[in-house]
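These notes are about the structure you will find just below.
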Amino acid sequence: MALKLGAYTACLHDRTLTEALDILKENGLTSVEVNTGGFIPSPHCPVDLLLSSAKAREEYLATFADRGMELTGLNCNGNPLNPLPGVGPKHADDLRRTIRLAGLLGVRHVVTMSGTPGSDPDAKYPSWVVNPWDGVYMDVLDYQWGVAVEFWKEIDALARENDVRVAIEMHPHNLVFSPVTLKRLVDTGGLTNVGAEMDPSHLMWQGMDVIASIKWLGPLVFHAAAKDATLCPGADIRGVLDTSFTRVPADADGKVPTGYGFWCNAWPENPAWKFVAVGLGNDVPFWTEFLRALAEIDPDIAVNIEHEDAAYSQTEGLALAAKNLHSAAAAL
């Protein structure tokens with residue numbers, strides 16, 4: 001068993017690539033995932049340069065190899081189906097460019113999201129339907145699945161052409177947000193190079209059984225994230241589909257962009273759930289079983305920490321997650 005344990009470097013966006021890699025190495029991590037577009041910038045991957053220069057690609061990969069590390073994934077999370085002209089087309093183009101770059105670099109996996117279209121051909125904003133008991137919402141879903149399947153057939157062909165596999169993060173507010181919707185996309189589109197990025201955190205707060213989800217998807221699990229979540233007391237009155245977020249001012253420092261003119265909102269003070277460092281929402285024995293289930297599908301799968309626990313600094317949270325992930329792997 002040779003699981004590749006590493007991290008997604010977005011949490012170290014204010015460091016240079018070499019500084020970020022040194023931090024990962026200090027924590028015994030050898031697998032690396034970098035951002036290439038979509039919702040956030042790509043400070044650790046000069047996409048344009050790498051697409052245009054074989055020499056730049058050689059030097060870039062050497063940055064990892066010289067530290068005994070491997071670039072296992074390019075991350076381009078966004079909403080490529082968003083009808084907003086400043087979001088959807090840009091994210092879709094970022095994804096296509098990322099797939100081509102992955103092929104040139106010899107990186108096997110691209111991580112992204114399925115996206116969410118609008119409710120109909122004239123819609124201005126994306127529309128996420130999660131409870132279609134009313135027939136009108138089934139009409140919306142029929143339209144959205146039609147849009148999504150055609151787009152993902154194109155992406156699947158591009159991935160196949162570049163010998164790349166695209167791993168979709170099953171993320172709420174996307175058409176694909178569960179194992180069932182992931183499999184529906186693959187089966188309906190007859191996709192060969194599209195599967196799942198097993199980020200368990202979003203399945204956790206939706207109440208899914210992560211281990212059962214891994215086993216149910218089986219070989220459709222291509223890539224994985226180590227990211228933990230926990231339900232909070234606020235769930236008693238909010239439930240997990242709470243919308244009590246508040247706007248972040250346009251002039252706020254450090255706001256996180258989601259597209260031109262749009263950015264992340266602020267969470268309520270007593271949320272229903274939150275992201276926590278690996279091992280704080282679910283114990284180390286759970287993470288051992290998580291790794292075991294993944295290894296049964298692919299003994300060499302990459303499992304990259306995604307640190308988003310606001311209670312810890314970038315380096316503290318990453319170090320805590322790495323410690324618990326190593327403990328889980330040692331128990332296999």
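The structure displayed is predicted, hence computed values, not measured ones.
- Applying the salt bridge (charged side-chain N to carboxylate O under 4.0 Å, His left out) test to residues at least two apart or on different chains, the pairs with a partner in residues 35-51 are D48-R97.
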Practice task
Starting from the C-alpha separation in whole Å, work towards a yes-or-no answer on side chain to side chain contact (heavy atoms under 4.5 Å, CB included) for L320 and Y312.
Solution key: CA-CA 9 Å; L320 178 58; Y312 293 87; 3.8 Å; yes

Exercise for the section: Run the numbers on R100 and E161 for salt bridge (charged side-chain N to carboxylate O under 4.0 Å, His left out), then give the verdict. Expected result: CA-CA 9 Å; R100 294 188 183 99; E161 178 185 329; over 6 Å; no

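- Exactly one residue among L95, V111, T36, N35 makes a side chain to side chain contact (heavy atoms under 4.5 Å, CB included) with N77. That residue is V111.
- At least one side-chain heavy atom of M204 sits under 4.5 Å from a side-chain heavy atom of V210.
- Rounded to the nearest 0.5 Å, atoms CZ (R184) and OG (S178) are 10.5 Å apart.
- Taking all atoms of both residues into account, the shortest heavy-atom contact from P83 to T116 is CD-O, 4.3 Å.
- The aromatic rings of F275 and W267 sit perpendicular to each other, their planes meeting at more than 60°, with 30° as the lower class boundary.
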Exercise for the section: In sequence, state the C-alpha distance, the side-chain angles, and the governing distance for L332 and L3, and then conclude on side chain to side chain contact (heavy atoms under 4.5 Å, CB included). Expected result: CA-CA 11 Å; L332 286 175; L3 290 170; 3.8 Å; yes

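- A donor-acceptor contact shorter than 3.5 Å is absent between the side chain of D93 and the backbone of P89.
- For the pair K227 and V278, the minimum side-chain heavy-atom distance is 4.5 Å or more.
- Side-chain atoms of D199 come within 3.5 Å of backbone N or O of S201 as a donor-acceptor pair.
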Problem - Intermediate values then yes/no, side chain to side chain contact (heavy atoms under 4.5 Å, CB included), L24 and M69 - result: CA-CA 9 Å; L24 267 57; M69 309 180 86; 3.6 Å; yes

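- With sequence neighbours left out, K274 forms a salt bridge (Lys or Arg N to Asp or Glu O under 4.0 Å) with no residue at all.
- Put simply, the side chain of V240 reaches to within 4.5 Å of the side chain of L231, judged on heavy atoms.
- In terms of hydrophobic clustering, with Ile, Leu, Val, Met, Phe, Trp and Tyr side chains grouped at heavy-atom distances under 4.5 Å, V180 and L220 are assigned to a common cluster.
- W216 and L191 fall within the same hydrophobic cluster, defined by Ile, Leu, Val, Met, Phe, Trp and Tyr side-chain heavy atoms under 4.5 Å apart, directly or through other members.
- In this structure, the ring of H91 has its center less than 6.0 angstrom from the ring center of F39.
- The backbone N or O of V176 sits less than 3.5 Å from a side-chain atom of S114, completing a donor-acceptor pair.
- Contacts classified as salt bridge (charged side-chain N to carboxylate O under 4.0 Å, His left out) and involving residues 72-81 (residues at least two apart or in different chains) are not found.
- A donor-acceptor distance shorter than 3.5 angstrom exists from the side chain of D228 to the backbone of G281, with no hydrogens or angles considered.
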Practice task
Test E70 against V32 for side chain to side chain contact (heavy atoms under 4.5 Å, CB included), laying out the working first.
Solution key: CA-CA 6 Å; E70 179 184 357; V32 187; over 6 Å; no

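- Ring planes of F290 and W287: perpendicular class, angle over 60° (limits at 30 and 60°).
- Interatomic distance, D94 CG to L74 CG, rounded to the nearest 0.5 Å: 12.0 Å.
- In plain terms, the two heavy atoms of G195 and L182 that are nearest each other are O-CD2, 3.6 Å.
- Smallest separation of non-hydrogen atoms from G6 and L29: CA-CB, 3.8 Å.
- Heavy atoms only, all atoms of each residue included: A272 and G239 are closest at CB-O, 3.1 Å.
- Atoms CD and NE2, on E197 and H223 in that order, are 6.0 Å from each other to the nearest 0.5 Å.
- Looking at E58 and K55, no side-chain N of the basic residue comes within less than 4.0 Å of a carboxylate O on the acidic one, giving no salt bridge.
- In terms of modelled atom types and a separation under 3.5 Å, the side chain of E306 and the main chain of Y8 share no donor-acceptor contact.
- Inter-residue side-chain proximity for C45 and L50 is flagged as met; some heavy-atom pair is nearer than 4.5 Å.
- At least one side-chain heavy atom of I305 sits less than 4.5 Å from a side-chain heavy atom of L325.
- You'll find the ring centres of H44 and Y60 outside the 6.0 Å limit.
- Looking at S119, its side chain never comes within 3.5 Å of a backbone N or O of V140 through a donor-acceptor pair.
- With contacts defined as side-chain heavy-atom distances shorter than 4.5 Å, the pair V248/C264 does not qualify.
- In the hydrophobic cluster analysis, where Ile, Leu, Val, Met, Phe, Trp and Tyr join through side-chain heavy atoms closer than 4.5 angstrom, F222 is grouped apart from V166.
- Inspection of the T192 and R160 side chains reveals an N or O donor paired with an N or O acceptor under 3.5 Å.
- Using a 3.5 Å distance cut-off with no hydrogens or angles, the side chains of Q314 and H307 do not pair a donor with an acceptor.
- Between the side chain of D298 and the backbone N or O of A295 there is no donor-acceptor pair closer than 3.5 Å.
- Side chain of N265 to backbone of F245: no donor-acceptor contact under 3.5 angstrom is found.
- Taking each heavy atom of G190 and D156 in turn, the nearest pair found is O-OD2, 4.3 Å.
- The cluster map of Ile, Leu, Val, Met, Phe, Trp and Tyr, joined by side-chain heavy atoms under 4.5 Å apart, puts L175 and V136 in the same cluster.
- Other cluster members for L49: none, since no ILVMFWY side-chain heavy atom sits under 4.5 Å from it.
- Taking 4.5 Å as the limit, every side-chain heavy atom of V186 sits out of range of all side-chain heavy atoms of K183.
- For T9 (side chain) and A20 (main-chain N/O), no donor-acceptor pair under 3.5 Å exists by modelled atom type.
- Taking CD from E296 and CZ from R292, the interatomic distance works out to 7.5 Å, rounded to the nearest 0.5 Å.
- Every pair passing salt bridge (charged side-chain N to carboxylate O under 4.0 Å, His left out) that includes a residue from residues 7-34 is listed here, sequence neighbours excluded: D22-R67.
- Rounding to the nearest 0.5 Å places CE of M113 at 9.0 Å from CG of N79.
- Residues V164 and N193 fail the side-chain proximity criterion, which asks for heavy atoms closer than 4.5 Å.
- Here the shortest heavy-atom pairing between L318 and A7 reads CD1-CB, 3.9 Å.
- Between the side chain of N27 and the backbone N or O of I23, at least one donor-acceptor pair lies under 3.5 Å.
- Here ring pair (Phe, Tyr, Trp, His ring centres under 6.0 Å) pairs that include residues 119-155, with residues two or more places apart or in two chains, are W128-F177.
- Taking hydrophobic clusters as Ile, Leu, Val, Met, Phe, Trp and Tyr residues chained together by side-chain heavy-atom distances below 4.5 Å, V276 does not share a cluster with F286.
- The structure places CE of M170 at 5.5 Å from CG of L217, a figure rounded to the nearest 0.5 Å.
- Ring geometry for W205 versus W273: interplanar angle under 30°, hence parallel rather than tilted (30 to 60°).
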